[in-house]
2 protein chains.
Amino acid sequence: MARSTAESKAATAAKATGEAANASGKARQRGVTMTDVAQRAGVSRTTVSFVLSNRENTSISAETRIRIAEAVQELGYRPNAGARALASQRSDWYGIVTEIVTAPFAVDIIKGAQDQAWLDRRFLLIAPSDQADAHGPNQGLEDAAIEKLLEQRVEGLLYAATYHRGVHVPESANEVPTVLINCFDADGKLPSIVPDERTGGRVAVERLLQAGHTRIGVINLDPDIPAAIGRLEGAREALAAAGLELDPELVVSGHATADGGYAAACTILDRYREGQGRPTALFCLNDRMAMGAYDAIKERGLTIPGDIAVIGFDNQELIAAYLRPKLTTVALPFEEMGALGVRTLAALTAGQPIAADQQLVDCPLLERSSV
Amino acid sequence: MARSTAESKAATAAKATGEAANASGKARQRGVTMTDVAQRAGVSRTTVSFVLSNRENTSISAETRIRIAEAVQELGYRPNAGARALASQRSDWYGIVTEIVTAPFAVDIIKGAQDQAWLDRRFLLIAPSDQADAHGPNQGLEDAAIEKLLEQRVEGLLYAATYHRGVHVPESANEVPTVLINCFDADGKLPSIVPDERTGGRVAVERLLQAGHTRIGVINLDPDIPAAIGRLEGAREALAAAGLELDPELVVSGHATADGGYAAACTILDRYREGQGRPTALFCLNDRMAMGAYDAIKERGLTIPGDIAVIGFDNQELIAAYLRPKLTTVALPFEEMGALGVRTLAALTAGQPIAADQQLVDCPLLERSSV
DNA sequence: ACCTCCGACTAACGCGCGTAACCTAAATCA
DNA sequence: TGATTTAGGTTACGCGCGTTAGTCGGAGGT
């Protein structure tokens with residue numbers, strides 16, 4: 001194939017036309033490169049590169065730009081992201097490593113991050129992790145996953161957990177900017193983004209108070225985890241603001257499942273009679289427990305929200321939206337956390353300062369029908 | 001810096017030692033290349049490449065291999081996947097485009113695919129799609145996503161849907177091998193992997209028959225979708241094998257939600273009295289509807305499975321495992337479909353023939369406590 | 001008539017790596 | 001003893017692209 005750029009433009013055009021049918025047919029297998037485009041447009045590859053990357057400070061005639069655009073179109077040229085990354089020394093990729101792939105709970109973090117990355121014209125490489133999966137066949141998967149991501153030359157790392165907690169991030173993550181989502185660095189070095197549990201707890205109880213409830217039962221999680229601590233603290237704040245206190249007798253911890261919620265609700269409900277100290281509302285620290293509480297309440301012939309109002313936490317769609325009545329709950333801002341994570345990473349990789357070492361994201365109240 | 005490989009090995013070693021402290025300290029910023037490793041080990045870059053890629057038909061002394069391994073270790077060398085892909089003309093990447101990122105329903109497909117890809121030493125690029133998201137801000141996202149994946153030079157494409165249906169795949173997907181998961185090509189060209197709905201339906205009803213139920217109510221989905229057609233067909237098969245028929249009066253369609261299931265169950269339960277034709281078991285074509293059916297049953301003072309046995313379909317963990325009693329259901333084999341998708345893609349890209357144009361994957365019965 | 005400047009490009013190098021082809025000294029063989 | 005093989009490498013090229021440092025012809029200025 002003639003490669004001389006000295007070849008007359010007429011000849012080039014003729015050849016190009018001849019190939020057009022070819023190119024748009026099945027003959028084009030793969031590998032249309034920038035050089036092909038350049039040849040077809042009758043310019044140098046450099047010029048094509050300048051045009052395609054919208055380079056400034058470079059004057060290229062409108063006519064040439066058009067010819068190049070046509071050539072791109074006709075040949076079906078598609079840039080090679082890998083080659084570009086190699087030459088430009090930047091990949092436009094972020095990596096996210098998470099056990100979310102395994103546990104669908106907080107898949108919205110990925111969605112939020114994806115969307116934001118898309119807006120920023122960046123690509124998200126998702127890698128699996130086995131943080132919580134000690135018994136699986138994937139021991140050490142997490143380190144290997146980060147390693148793989150670094151081999152792809154990601155410019156930054158997101159590390160997400162399915163539930164709010166402290167984590168230890170593998171050392172290799174230190175080689176690029178890293179942001180934790182829905183968890184925080186137990187070693188206190190890396191920036192993180194977590195839900196504002198405290199405010200969420202306050203909002204929930206405020207909603208109950210606003211509906212006229214003053215005696216509120218709390219179905220608590222394992223009291224040691226950040227979610228329980230924060231949410232309970234918020235609940236106390238709200239009560240305090242109303243001049244009330246949280247009756248310790250009304251706080252029952254249980255296993256974070258529907259069965260646990262059922263048992264806890266039974267304990268509370270059976271301890272008192274109606275009007276004799278029995279709470280008129282239940283704040284369940286997660287939706288699964290609320291699901292169990294529903295059963296306990298219904299079993300006793302009580303109605304929701306008539307006799308007992310219920311408010312949950314987490315907004316697990318499959319539960320909250322399908323319970324009957326639909327559950328009013330406080331949502332965890334997974335999408336926002338994911339998006340903020342990407343934005344924070346962008347700032348970090350650009351060398352800009354970030355707002356704070358630990359950023360809190362609001363947990364909004366989702367009104368449905370259980371209060 | 002001396003680049004002569006003729007330099008005596010002693011000298012090279014000395015220099016290397018001098019640099020070691022440097023390399024293991026903070027001075028290493030980024031960009032340890034194979035050339036660095038080669039220099040440090042006192043060999044040519046080619047040799048390093050041969051060793052690292054375990055190339056056969058090449059004899060390299062054990063001593064040299066060790067020196068190279070040490071150099072890799074000491075310098076913290078990490079291969080550059082992009083450069084490798086460029087040079088070798090293969091990326092080891094598959095792309096998966098799916099609305100699953102948006103709707104967490106079938107995120108297990110991703111997990112299955114990820115795991116299999118990991119075993120095959122391949123990387124999965126996950127891109128969002130807006131197939132079902134007509135009102136979102138992401139119009140045309142899907143085409144753009146595929147385009148992006150092709151720019152990364154993925155070797156194959158997986159296209160996954162959240163629920164079993166026919167889809168139209170964007171044309172650009174034809175440029176690389178493509179496999180559909182949990183959906184099939186409405187144009188009938190691309191290979192696909194779908195759940196075996198029919199067998200699933202049969203298994204469910206067989207389980208009910210085995211428990212002694214002969215009068216079985218069916219809470220149906222929209223009767224036109226593949227899931228409903230297949231599952232119902234399977235149910236009929238199972239009954240036929242037992243010499244029974246499906247009473248059309250016992251098949252009620254409803255909206256695919258808990259409310260829909262509640263309404264449908266009410267219809268069936270209120271039509272008959274106990275022992276007067278009222279079914280003793282309900283086959284709900286999805287778990288959400290089973291959730292609603294639970295309420296209808298409990299509301300009438302009936303017990304599960306004592307008075308009415310219930311069996312679901314889909315195995316939506318958050319529902320099935322947390323209902324009380326826990327729901328016996330037929331699982332959709334998302335993970336297996338994802339894994340099989342990757343395996344099929346591997347065969348395709350290797351030029352091997354695939355088993356069939358449409359591969360069915362079994363839906364296993366998950367025994368819990370509602371039958 | 002000469003110099004300068006500017007518009008419109010192009011030549012050439014390097015990113016990090018895979019790989020075909022080649023090279024050299026020692027061991028083996030006829 | 002000379003020819004040939006073999007172990008153990010090395011040289012050089014190219015993958016597709018970004019980017020710096022030019023080149024070249026003509027318009028404007030003096």
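Every chain is numbered from 1 and lettered A, B, ... according to where its sequence line falls, protein lines coming before strand lines.
A donor-acceptor contact under 3.5 Å links the side chain of R45(B) to the base of dG18(C). In this model, no side-chain donor or acceptor of R153(A) finds a partner on the base of dG16(C) within 3.5 Å.
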Only pairs under 3.5 Å count here: list side-chain donor-acceptor contacts from residues 337-352 of chain B, not counting sequence neighbours, and write none if there are none.
unit_1: R343(B); atom_1: NE; unit_2: Q116(B); atom_2: OE1; d: 3.2
unit_1: T344(B); atom_1: OG1; unit_2: L340(B); atom_2: O; d: 2.7
unit_1: T344(B); atom_1: OG1; unit_2: Q359(B); atom_2: NE2; d: 3.1
unit_1: T349(B); atom_1: OG1; unit_2: L345(B); atom_2: O; d: 3.0
unit_1: T349(B); atom_1: OG1; unit_2: A346(B); atom_2: O; d: 3.0

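We find that CZ of R65(A) is positioned 9 Å from P of dC9(C), with the value rounded to whole Å. The distance from atom CG of N80(B) to atom P of dC15(C) is 12 Å, rounded to the nearest whole Å. Atom CZ of R67(B) is separated from atom P of dG9(D) by 7 Å (rounded to the nearest Å). Rounded to an integer number of Å, the gap from L86(A) CG to dT19(D) P is 12 Å. Atom CG of D92(A) and atom C1' of dG18(D) are 13 Å apart (whole Å). Separating the CG atom of D36(A) from the P atom of dC17(D) is a distance of 9 Å, rounded to the nearest angstrom. The distance from atom CG of N54(A) to atom C1' of dC17(D) is 16 Å, rounded to the nearest whole Å. For the pair N57(B) CG and dA7(D) P, the computed distance is 11 Å after rounding to whole Å.
Salt-bridge formation is detected for the pair R78(A)/E175(B): a Lys NZ or Arg NE/NH1/NH2 atom is positioned less than 4.0 Å from an Asp or Glu carboxylate oxygen. Ion pair E70(A)/R40(A) not flagged as a salt bridge, since none of the NZ, NE, NH1 or NH2 atoms sits closer than 4.0 Å to an Asp/Glu carboxylate oxygen.
Judged purely by atom type and a 3.5 angstrom limit, N80(B) uses its side chain to pair as donor or acceptor with the backbone of G82(B). With hydrogens and angles disregarded, no donor-acceptor distance shorter than 3.5 Å links the side chain of D120(A) to the backbone of A117(A).
Contacts of S61(A) with the nucleic acid, taken as non-hydrogen atoms under 4.0 Å apart, involve only primed sugar atoms and P, OP1 or OP2. Counting non-hydrogen atoms under 4.0 angstrom, S88(B) reaches the backbone sugars and phosphates but no base. At the heavy-atom level, T33(A) lies under 4.0 Å from the strands shown only through sugar-phosphate atoms. The residue S59(A) sits close to a base: some heavy atom pair falls under 4.0 Å.
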Grab the N/O contacts between the protein and nucleotides 20-23 of chain C below 3.5 Å, and write none if there aren't any.
unit_1: dA20(C); atom_1: OP2; unit_2: R55(B); atom_2: NH2; d: 3.3

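Side-chain N/O atoms of T64(A) include one lying less than 4.0 angstrom from OP1 or OP2 on dC9(C). The shortest distance between the side-chain N/O atoms of S49(B) and the OP1/OP2 oxygens of dG18(C) is below 4.0 Å.
Residues passing the side-chain contact (heavy atoms from CB on, under 4.5 Å) test with P79(B) are E151(A), Y77(B), R84(B), sequence neighbours excluded. Every residue two or more places apart in sequence or in another chain was checked for a side chain to side chain donor-acceptor pair (under 3.5 Å) with T178(B), and none qualifies.
Of the N and O atoms on the side chains of T46(A) and S49(A), not one donor lies less than 3.5 Å from an acceptor on the other residue.
Here the nucleotide nearest the side chain of T47(A), chosen from dT10(D), dC17(C), dC9(C), is dC9(C). Out of dT10(C), dC13(D), dG16(D), the shortest distance to the side chain of Q89(B) is found at dG16(D). With dC17(D), dC17(C), dC9(C) as the candidates, the nucleotide lying closest to the side chain of I60(A) is dC9(C).
Annotation: the terminal axes of the helix from dA1(C)-dT30(D) to dA30(C)-dT1(D) meet at 60°, where each axis is the rotation carrying the C1' atoms of four end pairs onto the next four (5 pairs per end, rounded to 10°).
Comparing A87(B) and A62(B) by the nucleotide of DNA chain D whose heavy atom lies nearest to each, the residue mapping closer to the 5' end is A62(B).
Among the candidates L75(B), V72(B), V48(B), the single residue satisfying the side-chain contact (heavy atoms from CB on, under 4.5 Å) test with D36(B) is L75(B).
Counting only residues at least two apart or on different chains, no salt bridge (charged side-chain N to carboxylate O under 4.0 Å, His left out) pair has a member in residues 42-64 of chain B.
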